[in-house]
Amino acid sequence: MRREIKTAVFPVGGMGTRFLPATKAIPKEMLPVVDKPLIQYAVEEAKAAGVENFVFVTGRYKSALEDHFDHAFELERGLEERQKHHQLDLAHSTLLKPGQAAFTRQQMALGLGHAVLCARHLVGDEPFAVILPDDMILDDVLCLVQMVRAYSEVGGNMVAVAEVPGEHTDRYGILDGDPRAGALIPVRGLVEKPRPEEAPSRLALIGRYILQPQVFEHLARQEPGAGGEIQLTDAMAKLIGRQPFHGFRFSGRRFDCGDKAGYLEANIAYALECEAMREPVRAFLKRYR
Ligand code: UTP
């Protein structure tokens with residue numbers, strides 16, 4: 001029987017330099033899109049996909065992340081006294097069940113692969129999901145939910161992919177596979193940040209992964225790769241041919257919230273999804289044509 005995905009890892013140990021000075025004292029993953037921080041969208045997506053264990057790989061100055069999923073007693077007492085029931089529900093909506101959340105620290109930001117490796121003992125010998133909160137995907141069926149459905153058919157390892165402009169391949173992990181294959185693309189190879197002229201395709205890895213625990217063995221042996229970082233892409237590439245490995249072309253609109261323009265666009269798109277904000281946002285957008 002294929003083991004279900006019950007654990008998700010959230011690598012949130014990066015420095016978020018592209019958002020300085022906003023990210024000097026608060027983590028990038030606490031930046032809000034409309035009224036929820038990026039990390040909360042990621043956790044809600046994992047919950048919708050059936051995840052029950054949430055592993056956060058954090059770093060120094062990231063304690064706001066931990067606080068966000070805990071009680072805020074003073075605030076809650078104040079809201080209770082003022083009978084602000086709706087706001088109290090919102091404050092409670094971030095709580096995870098006792099024991100569901102685990103936080104570990106990546107002491108040095110040595111790359112995404114290293115961050116995932118830090119979660120090894122908390123994940124154990126189980127398949128698991130990885131969600132990068134700064135990649136947001138807007139769709140009626142959340143991206144990890146789509147992936148878990150596909151995984152229940154094919155198992156193995158799976159990476160979310162989307163086509164990017166040819167000149168942007170050097171910003172992403174790029175998949176070598178047949179782009180005409182449909183939603184599930186058998187993976188022939190993976191390359192981290194190839195130059196456009198060397199990229200095997202324009203299919204870029206977007207921040208959703210389903211991985212088998214054997215990836216940890218390769219991560220533990222991994223030497224630094226592109227940019228001097230321990231790359232998840234390089235460790236995943238070692239699994240190709242040994243285990244099923246698919247790219248998954250998800251449906252939905254993706255926003256790169258690690259980038260200022262992408263983050264702003266996500267705010268607009270998510271606000272337009274929200275009934276109370278749609279009209280005022282449409283009205284002010286007209287002024288910027
Ligand atoms: P990014 O490549 O966006 O890096 O990481 P960053 O440090 O967050 O941001 P910039 O580029 O300096 O602005 C993608 C994801 O991987 C995590 C980040 O927290 C983010 O969720 N990450 C990255 C780690 O957890 N540890 C690392 O060492 C690097």
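Quick note: residue numbers are just sequence positions, from 1. Counting starts at 1 for both ligands and their atoms, in listed order.
- Here is the list of ligand 1 atoms found below 4.0 Å of a heavy atom in Gly111: 26 (N), 27 (C), 28 (O), 29 (C).
- Between Leu285 and Ile268, the shortest heavy-atom distance links the atoms CD1-CG2, 3.8 Å.
- Between Pro194 and Pro200, the shortest heavy-atom contact is CG-CD, 4.4 Å.
- Of all atoms in ligand 1, numbered sequentially from 1 with element shown, those under 4.0 Å from a heavy atom of Leu110 are 28 (O).
- Taking the six-membered ring where the residue is Trp, His92 and His71 present perpendicular rings, their angle passing 60° and hence far from 30°.
- Of all atoms in ligand 1, listed by their number and element, those nearer than 4.0 Å to a heavy atom of Leu112 are 16 (O), 29 (C).
- Under the 3.5 Å distance criterion, the side-chain polar atoms of Thr23 are matched with a main-chain donor or acceptor of Gly16.
- Two rings, from Phe128 and Tyr209, have their centers 6.0 Å or more apart.
- For ligand 1, the polar-atom distance check against Pro11 finds a nitrogen or oxygen pair separated by under 3.5 Å.
- The cationic group of Lys36 lies under 6.0 Å from the six-membered ring centre of Tyr41 and within 45° of the ring axis, placing it in a cation-pi geometry.
- Protein heavy atom nearest atom 25 (O) of ligand 1, with residue, atom name and distance: Gly13 N, 2.8 Å.
- The shortest N or O to N or O distance between Gln106 and ligand 1 is below 3.5 Å.
- Which of Asp134, Ile131, Thr58, Ile39 comes nearest to atom 5 (O) of ligand 1 through a heavy atom is settled by distance: it is Asp134.
- Atoms of ligand 1 found under 4.0 Å from any heavy atom of Ala115 (numbered from 1 in listed order, with element): 24 (C), 25 (O), 26 (N).
- Using a cut-off of 4.0 Å between Lys/Arg side-chain N and Asp/Glu carboxylate O, Glu217 and Lys238 are scored as not salt-bridged.
- Where the criterion is an N or O separation shorter than 3.5 Å, residue side chain and backbone included, Gly14 meets it with respect to ligand 1.
- With respect to atom 2 (O) of ligand 1, the closest heavy atom belonging to the protein is Arg18 NH2, 4.2 Å.
- The nearest pair of heavy atoms linking Arg188 to Gly177 is NH2-C, 3.6 Å.
- At a 3.5 angstrom cut-off on N or O pairs, Gly258 does not count as close to ligand 1.
- Considering backbone and side-chain N/O of Gly16, one or more are found under 3.5 Å from N/O of ligand 1.
- Contact annotation: for His114 versus ligand 1, there are no heavy atoms closer than 4.0 Å.
- Summary of contacts: the protein heavy atom closest to atom 7 (O) of ligand 1 is Met15 N, 2.8 Å.
- Closest of all the heavy-atom pairs between Leu38 and Lys28 is CD1-O, 3.6 Å.
- Side chain of Gln100 to backbone of Asn53: no donor-acceptor contact under 3.5 angstrom is found.
- Heavy-atom proximity to Ala109, at under 4.0 Å, picks out these atoms of ligand 1: 28 (O).
- Residue-ligand proximity: Met108 is placed with every non-hydrogen atom at 4.0 Å or more from ligand 1.
- Checked against a 3.5 angstrom limit, the closest N/O atoms of Thr17 and ligand 1 fall inside it.
- By the 4.0 Å heavy-atom criterion, Lys28 is counted among the residues contacting ligand 1.
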Worked check of side chain to side chain donor-acceptor pair (under 3.5 Å) between Gln212 and Asn157
CA-CA 6 Å; Gln212 298 299 314; Asn157 302 275; 5.1 Å; no

